[in-house]
Structures are given as C-alpha cells and as structure tokens.
Amino acid sequence: MSKKYILEMFPYPSGNIHMGHVRNYVIGDICARYHKLKGDTVIHPMGWDAFGLPAENAAIQFNTHPQDWTFSNIQNMKSQLKKLDLDLDWERELATCKENYYQYQQELFIDLYKAGLAYKKDALVNWDPEDQTVLANEQVIDGKGWRTGAIVEQKVLSQWFFKITNYAEELLNDLDKLTLWPEKVKTMQKNWIGKSIGAEIKFQIVGKEDHLNVFTTRPDTIYGATFIAISVNHKLVSKFLKPNDIEKIKNSFSKIVDDKEKQGFLLDFNCKHPILDKEIPVYVANFVLDNYGEGAIFGCPAHDERDYEFAMKYELPIIKVIQCTDSDLPYTQDGIVINSPLVNGLTKSEAINKIVDYFEEEEIGKKSINYKLRDWGVSRQRYWGCPIPVIYYEDGSFRVLEKSELPVLLPYDVNLKGKGNALLNHEKWRKIICPKTNKIAFRETDTFDTFVDSSWYYIRFLDNKLDKPFSIEKVNEYLPVDKYIGGIEHAILHLLYSRFFMKALRDIYKLKINEPFNQLFTQGMITHKTYKTQNGEWVMPKEIIFKDGKIIRDNTKELVEEGPSEKMSKSKKNVIEPDEILENYGIDATRFFMISDSPPDRELEWTDEGIQSSKNLVRRIERYFYVKKTSLKKDTEQVVERFIYNIEKNILNFSLNKCIADIYTLFNYLEKEKIYLNDSKISKKILVCLYPFVPKMSLKISNTLFKSNNTTNWPFINETLLLETHINLPIQVHGKLVTTIETKKGYLEKDILKSIYQIDKIKSKIHDRKVIKVINVQDKIINIITS
RNA sequence: GCGCCAGUGGCGGAAUGGUAGACGCGCUGGUCUUAGGAACCAGUGGGCAACCGUGGGGGUUCGAGUCCCUCCUGGCGCACCA
C-alpha cells in the first residue's frame, strides 16, 4: 500500500464552474478512484483560491462585499462540484481568504523574512492616476487603464519582494529531475529562468572617477567593441544628465513606432577600451534593457545584429574579430578569432576562457552568470488579499510583526468605492499603537499577490485545521503531490512560485521535500464552434437551428455563420453550461464525454454528437447488464482479463480516451458473441473497472445485481490468461505484407516455412526467384527475401 | 526572428521499428418498433483491378507513420535577454 496525493488545481470562486473545471476534475477523479480501488492511501482535496481582484470589482458592481460575494460563490460552486460525483476529501477543504488560512501565510512570511528571503525595495508599477491604484500588466491595455481609460503611469513604489533568484540555479537544475513533467512546461520554465554564462567587464570613464559594468556572453569579441550603450534608467544617466534632458530622451524613445528601431543619444564622455589603448563613445540607447544584466552593453557591430544595426545608423566603426566575409556581417556564429592579439587563432570558447582569465588577472572583469528571472514582487495595492504583517513608524522605519501578534485580519467595514486602496483609506484599521514601542504606527496596506496563496495550499491541505502552517511530519510523509492536474496556463508563474516556496520552506524547516509536484499533467482546453450573425454579433449555440442547410438564429430568424472551434468563452458565447448538460444527459454521460473524443492533454471539441454518443454508451452498458445470463465462450475470460489490463495501463498513462475505446471493444465483443454476464463474478470485475469513470452507474448496477456496492478492490489480473497461445502471423515478401496465417505461438521456423511455401499467394510472389534470406521475428512476423 | 510541439480516412483519433487506420463520430444500405436524443444487422482510406496510400523530397533498415537529413504547413511559447 502506498500513498497517492492527487491534486487538481483549485478554482477561483468566480460564481460558477465551467466545462474546463469539469474536465480537469473528472480526469483527477478517475485517477483518485482508481488508486483507492488499488488500496492506496489517497489524498484528494479541494479548496478555493479565494482572494483576488474580481471580488472587489464585483462588490462595486453589484453593491455587495468581496467576502459575501466570495462565500456565496464558494457555496454555489461546491454544490455544483458535488453533482459531478467527485470523490473529494471535503474535510480538507480550505479557502485562502479565510483567517485560518491566511494567518498561517503571514507566519510563513515572517519565516521567509527571517531567512532573508523577503525584502523591500523600490520598484516600478503601473499606476492608474484616476483610480489611484496599481494595475496588473494584463489590466493595462494599449497603455491605458482597462476600467478608467486613463493613461497609465510608471510609478516608483516601495514593494515587498521574495528572493526567488536565490534559487534560480536550483530551480533550473531540478527541472531535469522532473521526469514526469511535460517537456514543454520545463522548456518554458527554463527560458523564463534564462541563465546565461558570460563575463562582467569594467569600462573606465575617461576623465572621471566613475566606471560602468557591462554583462556580455561574448567576451571573445571585446577587440571588436566600438561603442558602449546604456539604458536610459542607468544610474550614470541620472548622475550626469539633467532631469530635463532625461525626460527629452524618454519622450523621444516613446515616440518610436516600430519598437525594434534603434535610437541613441551620444553622451559627452567616452569610455576607455579595457585592452586597447583607445576611447569609445557612450550612448543612451533605447534597445538596452535596464532590467537585465547591468543595464549596459558594449557594442560589437561586426558580430551582433542589434549592434550592427545601431552602428550602421550612427556610422560607427565595424571591426571584424571573428573570421568571416564582409557579406556575412553581422556574423554571429562561432569561428576563429582574428584582429585580437591576445586570442588570435582561437575558437570562440577557447577565446572566451582566455579573455576572462586575463580580465580576472588584470582586475577589469570577471566570469559572471546572469538570469532573466527576477525577484518576485508580491505587494498588491488591493483590499481583497492577505495583509502583509508589517507596521511602519512615523520616522519611516518598519517592523515585521512577531508571530504572537498575528493574525492581521482584514477589516470587513471598508469603502471600496473610494479612490485607491480601501485599506489605505481605512484610518481606524491602519493606525495603531505599536505594543512594543508604544509609538504610533501604521499597518502595511499592501496585500499579497494571490500567487502567494496558491504557492503552498497543497501543503495546507495535509492538515487544514492545524494551529500552525503545517506539520513537518505530514509534509515529509505525504509530499510531493503525486499527480498534479491543471491547465497549461500555469506553466510558469504558479508552478515556478510553488517550486520556490517548497525549496524555501525546505531550507527553513529542514524538510525532506525538494519539489512539490512529482508528476504534472496539463489537460487541454474545451473548444466549441462559434456562431456569428451577418453583422458580427456572437450567437449562443443553443439559440441556433439548422434549416434547409442553413444556420438560423431561432428567435430572430437571422442567418448565422459557423466559425471555427475555439476555446469556450463568454465573449464569443460558445459556452456550454455544466448544469444544463448534467440536467439533460446525466453525470455518467458527462464524465464519459470529458475523456472520450481526444487524449486528455489535447483540446476537446464539444459536439452534440459526442455527448449524445456518451449517453448512448451509458444506456447500452446498463441495458447489457440486465439481460439474462448466458454461458461463456472459451475466450471470454481472456478478453475480460485483457480489458482489465488495458484499462489499468491506460489510466496510469492518462490515456483516458483509450479507456473509452477499451470499454467499447469489450462490449462489442460481449454483445456480438451474445455473452451476457448478469450477476456473474465477471460482471463484478467489469463493474469495478467502470467505477472510476462512471461511479454512479456502476454503483447502481452493482446494487441491483448483487445487492451490494462495488467499492471493492481492483481485480487481480491473472497474467497467464493474458498470454495468447494462437496468433495471426503476418507473412511478408520483401517487407510487404502478402498474407497472414494462423499458428501456434512458439512455432519452429523450418516447419512453418514449409507450409508458407505452399500458399498460392506466396508462391506467385516468389515466382521463380530464389529465396536468399528469411527474417523470422519469432511470433511476430516473417519476411522472405528473394534474389 | 528564436525555441518547442504537431501534420495519419469526411471528422476526433489508435498503432514497444514488424498486419496502418483500433475505438468513436459521420455516412450508405437494411431490420425492428412499447416512434426513441432509440436499438439491431451489414458496409465504409483510394482504385474496376493489378496496386496505391500516414504533409513533400531524400536516407538508414529485411521492414519506416515511427529513426536521421531537408523542405512545406499549422499551433503554442518567448521575443532587442547582450
């Protein structure tokens, strides 16, 4: 007996479950039920990702409160989930917006802070000046606030960060250990972490005390450096340029339409080339990223496309330092180094090593590793989130609260219709007397990014009522999650943050767990045909009728055009409501259809024919079991054993569509051979196998036939019955199939060849040629080669 | 532009390098009727046939949907990452 922690990504309580949830949870439920039948200790919890912006928006729109709205949605969605016959551990339920969840998150924050993994720094945010609030990137549309339409400003705010970059290397390396994750997700995370190995090089500014550092992956091209380019946000820019001039540069940059077009402003100082006795100009350039590397680069136009483009525009010298022809410029591939006295004749990697060694000796540079991954900003200027347990004094200093001072509860009485963060405006909640210093203090009014909530919920599930975040023993016993099932849209952020959390908590609490999710399965989305009227109005599928080969909107008689199948979305009105489907087709057919028509990791197109044929299958199976018993054929047991074997194999592979094929194959056989099993032992076995897929129907039939339910063990497979004794042996001539013969397994080659040569088809194929070779793959195939 | 994945009947999809198209949908013909969102039977890659068929072209192999090279098409991700 082993433990199986099977988890589906918990939903945001938006109000109603949608078909995507149904598919997600049915897939997980089939796994969970299978493992229970196998006798495993199964953990299969469900909860609510309950903080977040939609609740605040809904509260304003419907004149309610985020908490009331959220709780009522949870209640509704829970009742919807119960209709799906999901075998969930409801006693483990949690909602991240409840005190007994988020107060422990506040504890974890304190631990992270003490471990040096949480810190404060100034950072740019999207600021909506009209609403006086911060917007998420996806709420900024064409540079304007999604709700107000006001032009969004970049504003510097002091924000809390988690030091995920401390774990960049481990997060990257451990991807290789996640053998049961989709390659695609691992690739995306790898790119997101974005490790590059290179060098940091110091450029002295001529005539000044200052220097600047650049990061490069191509130190071998240092002799070809003909300019320096820095970001407009580089600290030297604000040091040497007047605010007015900086503003002008920024304006000029923002006016560029083609965002790839290069623009630069020459500064009135030069840098000294680190090796050559020459000076090179310094530009402020729009294509230099200020948040990557040092926010500064050296330009080597001969061997970098961007630098080349820039050099052409500003007529800067182009010096070849890698062997190539002029027509190849910019030449960015590997090659032999030239025009570089220290490293001439070397290959790229040899030259890199030698140059870096030289820099280190001369103390003008060093080997350096850079990551695209940035620290995780977790502050949100929002009411409906977990309060960050920090207070500020009037002198600007702050104190992270002690665990004994927790929880910091969200106040219920807030005004969400005012401008800005409701917590900031809640003077009574905000202003306190610090119990330690007796000084006036103000609470942190930012709340956590909701990705913090979802970074450890799978841990809290193990003991959702404990008076601390988690029990170390249970974490070590039940983690990692064995199968984690959810959408590909969480490939990066949620999964990376969770991996970071697991590792950080491991280090703080000395846990034995390195990774939170052993196997990740990303299910495909559900699509549906789209329908549009002539004037471009979307039409719901249930509004249309088919008449005389045309599609018509029933109530208005407008002509409707059918569009491609797309992800179900409210805006395109191609949504199918789970409640209606359950009403019309029942839970068993719905569950069958969720896995019928495509492999679970691919998209599933919703069709009326699809759900209907699932319904027909349900009825067919039910009908079958109630027919009066007949006797078995000699291969019946073998067929059933093979069915059990295949179902099991296909559940374990997540090839659930093949399970449906197995079910059809079995019943096709039984009905064609007129074998009816009724209340036989074999029926019992089959019903157990059906149970993970259609528990309601399986139980109903079991109760009728056996007066008992069938939550018994998964059938033991008699492996000897799986073995075939007779086979259909394909016979090829020159690798082409000519015929098949029925034979016993373990035939002797020379015996079987005798009879093969008697077959007319074979005779005519071989004709008068000589057989020069026979390939006998025992019990598989025979291939005859002639001259 | 870079990276990843995929291309198989009318459609969704099956095939540890060994009988391509399992299974389903749809379609065709038939049966039955307590007319149902049924059910049952037969058929269904193309071609009259020999044969031809897994996006195109090469290659490896006794044998390729599967492995290698190359091109085309589609989807997803990243996108000035120095």
Side-chain angles (χ1 to χ4, degrees), chain A residues 182-196 198-199 201 214-219 221 225 229 258-262 285-289 291-300 303-307 309-310 332 370-374 488-489 491-492 565 584-585 589 592-593 596-599 601-605 607-617 619-620 623 646 650 655 657-668 671-672 727-741 772-786:
Chain A
E183 279 308 314
K184 183 180 170 153
V185 173
K186 289 194 279 183
T187 307
M188 283 164 76
Q189 293 211 352
K190 197 175 166 188
N191 293 339
W192 187 264
I193 294 167
K195 179 181 181 177
S196 34
I201 305 172
V214 306
F215 173 74
T216 179
T217 54
R218 295 296 304 272
T221 63
D258 170 9
D259 62 1
K260 285 265 157 80
E261 192 190 324
K262 307 280 181 288
N286 64 335
F287 69 97
V288 180
L289 304 169
N291 53 16
Y292 182 78
E294 303 290 327
I297 60 153
F298 76 72
C300 175
H303 306 294
D304 182 283
E305 282 173 26
R306 298 151 301 184
D307 299 347
E309 204 186 311
F310 191 79
T332 56
N370 233 292
Y371 299 90
K372 270 159 72 178
L373 182 70
R374 322 286 316 287
I488 186 84
E489 67 271 20
I492 297 175
S565 206
N584 291 334
Y585 295 93
F592 264 154
F593 182 52
S596 282
D597 280 7
S598 339
D601 56 348
R602 282 200 226 166
E603 35 181 71
L604 170 73
E605 184 176 3
T607 59
D608 290 346
E609 291 84 359
I611 182 73
Q612 183 56 45
S613 61
S614 292
K615 176 77 182 171
N616 293 344
L617 178 61
R619 288 212 285 231
R620 177 179 169 191
R623 217 182 304 124
N646 286 335
N650 288 328
S655 300
N657 56 321
K658 287 193 247 168
C659 291
I660 298 293
D662 294 333
I663 292 169
Y664 274 110
T665 307
L666 175 72
F667 285 95
N668 287 350
E671 290 185 330
K672 185 163 180 116
I727 48 167
N728 253 341
L729 187 71
I731 313 299
Q732 298 180 330
V733 176
H734 287 287
K736 283 195 173 180
L737 180 77
V738 176
T739 189
T740 63
I741 55 169
I772 54 172
K773 196 175 179 186
V774 173
I775 291 128
N776 173 37
V777 183
Q778 186 65 40
D779 299 335
K780 281 273 185 185
I781 200 163
I782 288 179
N783 190 6
I784 298 163
I785 311 301
T786 66

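Note on naming: letters A, B, ... go to the chains in the order of the sequence lines (proteins, then strands), and numbering restarts at 1 for each one.
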Exercise for the section: Using Watson-Crick or G-U wobble pairs with both distances under 3.5 Å, give me RNA chain B in dot-bracket, 5' to 3', with [ ] for crossers and | for pairs to another strand. Expected result: (((((((..(((.....[....)))((((((.......))))))((....))..(((((..]....))))))))))))....
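Closest approach of A:Ala491 to A:Val185, counting heavy atoms only: O-CG1, 3.7 Å.
Shown here, B:rG9 is classed syn by the O4'-C1'-N9-C4 or O4'-C1'-N1-C2 angle, which is within 90° of 0.
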Please enumerate all protein N or O atoms sitting under 3.5 Å from an N or O of nucleotides 52-55 of chain B, with distances to 0.1 Å.
unit_1, atom_1, unit_2, atom_2, d
B:rC52, OP2, A:Lys736, NZ, 3.4

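Residue A:Asp304 is classed as having no contact, given no heavy-atom separation below 4.0 Å to the nucleic acid. Residue contacts for A:Asn370: at a heavy-atom cut-off of 4.0 Å it reaches no nucleic acid atom on any strand shown. Residue A:Thr740 is classed as a base contact, given a heavy-atom separation below 4.0 Å to a base. Note on A:Val288: a base of the nucleic acid sits closer than 4.0 angstrom, heavy atoms only. Within the nucleic acid shown, A:Lys190 has no heavy atom closer than 4.0 Å to any nucleic acid atom. Within 4.0 Å (heavy atoms only), A:Tyr371 reaches no atom of the nucleic acid at all.
Annotation: side-chain contact (heavy atoms from CB on, under 4.5 Å) contacts of A:Gln732 (sequence neighbours excluded): A:Ile781, A:Asn783. Contacts of A:Arg623 classified as side-chain contact (heavy atoms from CB on, under 4.5 Å), with partners at least two apart in sequence or in another chain: A:Arg619, A:Arg620. The side-chain hydrogen bond (donor to acceptor under 3.5 Å, both in side chains) search around A:Ser565 returns A:Thr527, A:Glu605, not counting sequence neighbours. With sequence neighbours left out, the ring pair (Phe, Tyr, Trp, His ring centres under 6.0 Å) criterion links A:Phe287 to A:Phe310. Every side-chain hydrogen bond (donor to acceptor under 3.5 Å, both in side chains) that A:Lys195 has, sequence neighbours left out, goes to A:Glu169. Remark: A:Tyr292 pairs with A:Ser196 by the side-chain hydrogen bond (donor to acceptor under 3.5 Å, both in side chains) rule, at least two apart or across chains. Scanning for side-chain contact (heavy atoms from CB on, under 4.5 Å) contacts around A:Ile741 gives A:Leu729, A:Ile731, A:Ile752, A:Ile756, A:Ile759, with sequence neighbours left out. For A:Asp304, the side-chain hydrogen bond (donor to acceptor under 3.5 Å, both in side chains) test picks out A:Arg306, with sequence neighbours left out.
Rounded to whole Å, the C1' atom of B:rG57 lies 24 Å from the corresponding atom of B:rC4. Using atom P as the reference point in both B:rA6 and B:rC68, the two lie 11 Å apart (nearest Å).
Rounding to whole angstrom units, CZ of residue A:Phe287 and C1' of B:rA82 are separated by 9 Å.
Side-chain proximity of A:Leu737 to B:rA20, B:rA14, B:rG18: nearest is B:rA20.
Proximity of A:Ile775 to A:Ile785: side-chain heavy atoms (C-beta onward) are separated by under 4.5 Å at one or more points.
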Handout entry: Where protein sits on nucleotides 1-10 of chain B, one letter per nucleotide: B base, S sugar-phosphate only, - none, heavy atoms under 4.0 Å
Key = ----------
Practice task
Produce a footprint string for nucleotides 24-31 of chain B: one letter per nucleotide, 5' end first; B if the base is under 4.0 Å from any protein heavy atom, S if only the sugar-phosphate is, - if neither.
Solution key: SSS-----
